[in-house]
Amino acid sequence: NDGSVTASPEDAYDSEYLCPVSIDGQTLALDFDTGSADLWVFSTSLPSSEQKGHTLFDPSKSTNWKALSGYKWNITYGDGSGASGTVGTDVVTVGGTSVSGQAVEIATKVSSAFVSDTANDGLLGLAFSSINTVTPKAQHTFFDTAKSSLSSPVFTADLKHRQLPGTYDFGTIDSSKYTGTITYIDVDTANGFWEFTGSGYAVGSGSFVSSSIDAIADTGTTLIYVPDAVVTAYYKQVSGASYDSSQGGYTFPCSATLPNLTLGIGSYHAVVPGQYINYSPASGSKCFGGVQSDSGIGFSIYGDVFLKSQFVIFDGSSTPRLGFAAK
Ligand SMILES: Cc1nn(C)c(C)c1CC(=O)Nc1ccccn1
């Protein structure tokens with residue numbers, strides 16, 4: 001029951017990656033999010049003003065739909081966006097991986113950021129089920145539901161830079177998708193995230209700075225959010241870079257040459273190409289950086305800007321771990 005599904009960039013800046021997911025034959029484009037654990041979808045139960053532009057799941061058209069009476073969900077993401085609604089189970093298929101009895105969370109309310117993100121029909125959470133928001137009983141993620149039917153209890157992310165489709169694979173590690181060896185690192189599941197301790201960083205050709213960085217591998221977050229020491233060291237090497245409070249982050253002249261950012265994973269040095277860190281135009285001739293401060297978040301987030309430079313293994317075995325390889 002292994003599967004592979006394309007992950008297509010939503011826009012020219014790789015703000016998010018969307019994957020086709022079939023719910024009892026109704027196909028929606030979902031944002032696979034290793035930073036949360038709810039599978040929720042835009043639905044016909046939303047106010048019509050919030051439905052516009054999205055593909056809607058209609059449970060009344062699903063023969064395998066089973067409503068969970070009295071069950072509810074309510075999620076708020078770190079950027080302040082959120083959604084809430086009711087719950088049922090159905091057959092969910094991702095590439096070749098099909099599961100029955102999967103909790104599908106129907107949105108009856110979504111925040112404005114989701115309404116305006118019309119390419120996105122919901123999220124498929126791939127963090128640990130311990131942080132699923134359904135009450136009175138937390139539900140399993142798609143990966144947890146599928147795990148026992150997979151050749152091995154893993155999924156991998158091979159996200160691409162700029163306009164290229166990548167893939168999420170379930171159940172196998174495709175050795176044609178990476179080069180060299182895989183470096184594995186322990187994961188602390190206490191907060192429900194794929195959380196690990198990074199070993200440090202380097203900017204461009206500069207020397208590696210050893211420092212412990214508490215970070216999560218988060219496919220649902222666009223940028224890299226790291227400690228101020230890293231951010232300061234990075235933009236010191238970018239002429240014309242500065243913190244722009246009106247943009248809410250560091251910007252720089254779009255013509256700037258950006259240094260690579262190396263992030264240590266154990267003894268492995270993961271290199272994020274400088275071009276990946278020119279995220280998008282900000283205003284005028286300034287561009288917004290793909291590396292920003294994690295202050296106020298409580299941990300660092302290695303989001304898509306980082307993950308798309310690597311081949312990443314999310315190993316859900318009894319001792320969960322993360323694997324990283326160059327590609
Ligand atoms: C935790 C956090 N703080 N801040 C400022 C950001 C941007 C985050 C990450 C975040 O919100 N990710 C997200 C958003 C929507 C859907 C899925 N993931």
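Counting convention: from 1, in listed order, for ligands and their atoms alike.
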* To do: Just say parallel, tilted or perpendicular for the rings of F128 and W194, cut-offs at 30° and 60°.
  => tilted

* Aromatic rings W40 and F114: how do their planes relate, parallel, tilted or perpendicular, breaks at 30° and 60°? -> perpendicular

* **SB check K308 D14 (cutoff 4.0 Å)** => yes

* On the 0 to 90° scale, with breaks at 30° and 60°, tag the F193-F299 ring pair as parallel, tilted or perpendicular. => tilted

* **Parallel, tilted or perpendicular, as decided by the 30° and 60° cut-offs, for the rings of F324 and F196** => tilted

* **Residues in the immediate environment of ligand 1 (any heavy atom closer than 4.0 angstrom)** => D33, Y77, G78, D79, S81, L123, G220, T221, Y225, I297, I301

* Taking only residues two or more places apart in sequence, or in another chain, which ones meet T197 in a side chain to side chain contact (heavy atoms under 4.5 Å, CB included)? -> S212

